[in-house]
Amino acid sequence: MSANAMSAEPWVTAIDVARHLGVVKDTVYRWRERKGLPAHKIGRLWKFQLSEVDEWVRAGGADEEQRSDGQTPSHKA
């Protein structure tokens with residue numbers, strides 16, 4: 001596979017990632033800052049590749065450790 005074929009995946013915006021994952025744009029930026037969602041700064045803009053985002057999600061990157069009230073969620077059997 002040539003270098004051009006490997007880099008053929010388009011760069012997308014946070015809005016595109018939010019639509020892809022079914023979340024709001026602010027969540028995408030929060031995950032980038034706090035949870036290591038893969039992103040690349042191009043000039044002043046953050047850009048994403050959906051293959052990297054999908055891999056991050058599958059690896060558990062979007063898992064919730066805490067609820068918004070700061071409490072650890074309880075797991076009932």
Side-chain angles (χ1 to χ4, degrees):
M1 186 180 285
S2 72
N4 285 346
M6 288 173 48
S7 63
E9 182 180 352
W11 293 98
V12 299
T13 67
I15 293 170
D16 297 321
V17 173
R19 280 192 204 116
H20 179 70
L21 297 177
V23 298
V24 297
K25 179 178 68 170
D26 289 346
T27 298
V28 173
Y29 284 121
R30 186 170 57 252
W31 285 346
R32 181 194 58 78
E33 289 176 17
R34 299 181 188 166
K35 294 188 167 203
L37 175 66
H40 305 270
K41 197 160 191 182
I42 300 174
R44 292 173 38 218
L45 304 174
W46 286 101
K47 295 290 186 167
F48 305 82
Q49 289 195 315
L50 293 180
S51 64
E52 292 180 347
V53 170
D54 289 343
E55 187 177 320
W56 177 83
V57 169
R58 287 188 186 102
D63 290 352
E64 289 293 325
E65 296 111 290
Q66 292 190 327
R67 299 187 318 216
S68 60
D69 61 5
Q71 299 297 310
T72 302
S74 61
H75 299 291
K76 295 181 181 173

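Note that the numbering runs from 1 along the sequence shown for the chain. Computation of the quantities below employed the complete heavy-atom set of this structure, encompassing side-chain atoms and omitting hydrogens, waters and symmetry-equivalent molecules.
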Students should find that the hydrophobic cluster of Ile15, defined by side-chain heavy atoms under 4.5 Å apart, otherwise consists of none

Transitive ILVMFWY cluster of Val12, excluding itself - 4.5 Å side-chain cut-off: Val17, Leu21, Val23, Val28, Tyr29, Trp31, Leu37, Trp46, Phe48, Leu50, Val53, Trp56, Val57

Residue list, ring pair (Phe, Tyr, Trp, His ring centres under 6.0 Å) with His20, at least two apart or on another chain: none

Side-chain donor or acceptor of Lys35 paired with backbone N/O of Asp63 under 3.5 Å: yes

Give me the atom names and distance for the closest heavy-atom approach of Ala14 to Lys25. CB-CG, 4.0 Å

Pair Gln49, His40: side-chain N/O donor-acceptor within cut-off below 3.5 Å: no

Mind checking side chain to side chain donor-acceptor pair (under 3.5 Å) for Arg30 and listing every partner two or more places apart, or none if nothing turns up? Thr27

By side chain to side chain donor-acceptor pair (under 3.5 Å), which residues pair with Glu55, not counting sequence neighbours? none

Partners passing salt bridge (Lys or Arg N to Asp or Glu O under 4.0 Å) against Arg19 (at least two apart in sequence or in another chain): Asp16

